[in-house]
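Notes follow once the structure below has been shown.
We number each residue from 1, following the sequence as shown.
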Amino acid sequence: VGTVETWSTVPGAANPGMAHSVGNFVIGQGLGSNTYSVAADTMNNLYVVDAGANSIIKIDSAGGMSVFATFPSLPQAGQESVPTKIVTASNGFYVCNLTGAPCLSGAASLFHVDLAGTVTTVQNGLTTLVDVAVDPADGRPVVLSFGQFAGNVFLPNTGTITKITATGTHTVASGLSHPGGMGYTSNGDLYVHSSSEGGLLRFGSGLNMALTQGTGWLA
C-alpha cells in the first residue's frame with residue numbers, strides 16, 4: 001500500500017525509476033496510509049500527500065523519508081483533514097483537503113505549506129476539495145470541489161471550480177458532475193475531468209466551457 005513511483009518526467013525527481021514505499025514508512029509511524037499526490041522541489045526532494053495519515057511525507061534526494069507536515073483535525077464534528085492534492089507554489093506548496101465523512105459543506109480549506117513545513121490557511125469555507133492548480137495568467141490558486149455530500153453519497157451536478165483571489169473567492173463554474181481532477185495548459189486553458197460522466201471539459205482563457213471529449217457532460 002502507499003507506493004509512489006518516481007520517473008524522470010517528474011520535475012526534480014531524484015533517482016528516476018526508483019519505487020518509494022511511502023505506505024510502509026507511514027504505517028511504521030503507527031498511522032494509516034493512503035498516498036494521493038506528489039510534488040517536487042528544486043533540490044531533488046519529493047513531497048507526498050498522504051490522505052490516510054493527514055500528512056506530507058518528504059522523500060529526500062537519497063531516498064530517506066520523514067514526516068514533513070501534519071494537518072490537524074477540523075473543528076467541525078472532529079472531522080479529519082484528508083489532504084488530497086499538493087502543487088508547487090511560491091516559497092512552498094499549496095495543499096487542498098477533502099475532509100472526512102460526513103464531508104460537511106464549508107469544512108474544507110486551501111493551505112500553504114512553506115519549505116520548513118509550516119502550515120498556513122489560505123482560504124477556508126470550501127467543500128470537498130480534490131484538486132488545486134495555479135492559474136498561469138496571474139499565479140492565483142484555483143480549487144476543485146467534488147460536490148456536496150448527503151445521504152452517504154456525493155450528489156451529482158454539485159461540483160464547483162473556485163478561484164482564490166486577493167480579496168476572497170470567485171466561482172469559475174458550478175453544476176459539475178463529480179469532477180475528479182483538473183490542470184492548466186501553458187496557454188491558460190483549464191481542463192477538468194468528470195469521473196462519473198467520463199468527459200473532459202475545457203475552459204478557455206475567457207472561462208468559456210466547451211465539451212472536448214466524452215458524451216453527455218454538457219455546459
Side-chain angles (χ1 to χ4, degrees), residues 1-73 80-100 108-123 128-136 139-144 146 164 179-186 190-193 195:
V1 295
T3 297
V4 174
E5 293 188 21
T6 66
W7 296 274
S8 57
T9 53
V10 178
N15 304 315
M18 177 183 291
H20 302 286
S21 183
V22 175
N24 288 342
F25 169 79
V26 171
I27 291 171
Q29 309 299 306
L31 302 170
S33 179
N34 183 9
T35 52
Y36 212 90
S37 178
V38 61
D41 65 17
T42 59
M43 301 299 292
N44 293 338
N45 302 307
L46 296 174
Y47 299 82
V48 182
V49 160
D50 194 304
N54 294 312
S55 299
I56 301 173
I57 307 303
K58 180 178 179 178
I59 307 174
D60 65 28
S61 58
M65 298 186 196
S66 60
V67 178
F68 177 70
T70 298
F71 300 91
S73 295
E80 293 186 351
S81 182
V82 191
T84 49
K85 183 62 179 285
I86 181 171
V87 297
T88 303
S90 177
N91 299 316
F93 309 93
Y94 285 128
V95 179
C96 63
N97 67 328
L98 179 72
T99 69
S109 302
L110 176 67
F111 304 104
H112 181 269
V113 184
D114 68 19
L115 295 176
T118 301
V119 179
T120 303
T121 300
V122 176
Q123 182 70 49
T128 62
L129 299 182
V130 291
D131 208 347
V132 55
V134 177
D135 188 339
R140 301 300 303 182
V142 177
V143 294
L144 180 67
F146 194 68
I164 312 302
M182 65 180 180
Y184 278 98
T185 61
S186 58
L190 177 63
Y191 285 83
V192 185
H193 176 259
S195 59

Practice problem: Not counting sequence neighbours, which residues clear side chain to side chain donor-acceptor pair (under 3.5 Å) with S66? List them please. | Solution: none

Exercise. Return yes if a side-chain donor-acceptor contact under 3.5 Å exists between Y47 and D41, otherwise no.
Key: yes

Practice problem: Assess the side chains of T70 and S55: does a donor N or O sit below 3.5 Å from an acceptor N or O? | Solution: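 Their side chains do contain a donor-acceptor pair, which is all the 3.5 Å distance test asks for.
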
Check whether any side-chain heavy atom of [X] sits under 4.5 Å from a side-chain heavy atom of [Y], and report yes or no.
X	Y	value
V142	M182	yes
S37	V48	no
V122	F111	no

Practice problem: Write out all pairs satisfying side chain to side chain donor-acceptor pair (under 3.5 Å) with one or both partners inside residues 84-100, taking only residues at least two apart or from two chains. | Solution: S81-N97, K85-D131

Quiz item: What do the steps show when you test D135 against Y184 for side chain to side chain contact (heavy atoms under 4.5 Å, CB included), and what is the final call?
Solution: CA-CA 7 Å; D135 188 339; Y184 278 98; 3.7 Å; yes

Measure across [X] and [Y] and return the closest heavy-atom pair with its distance rounded to 0.1 Å.
X	Y	result
E80	N54	OE1-ND2, 3.4 Å
G180	V130	O-CG2, 3.9 Å
Y36	A51	CD1-CB, 4.3 Å
I56	F71	CG1-CE1, 3.8 Å
L31	A53	CD1-CB, 4.0 Å
A69	G117	CB-O, 3.5 Å

Rounded distance [0.5 Å steps], [atom1] in [X] versus [atom2] in [Y]:
X	Y	atom1	atom2	value
S33	I57	OG	CD1	7.5 Å
L144	L129	CG	CG	8.0 Å
C96	Q123	SG	CD	13.0 Å

Exercise. Could you check V49 against V95 for side chain to side chain contact (heavy atoms under 4.5 Å, CB included), going step by step and ending with a plain yes or no?
Key: CA-CA 8 Å; V49 160; V95 179; 4.2 Å; yes

Exercise. Would you check if the side chain of R140 reaches a backbone N or O of I164 as a donor-acceptor pair within less than 3.5 Å?
Key: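 Yes; judged by distance alone, with no hydrogens or angles, the pair exists.
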
Self-check item: Backbone N/O of T118 and side chain of D114: donor-acceptor pair under 3.5 Å
Solution: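 The answer is yes, because a donor-acceptor pair under 3.5 Å joins these two groups.
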
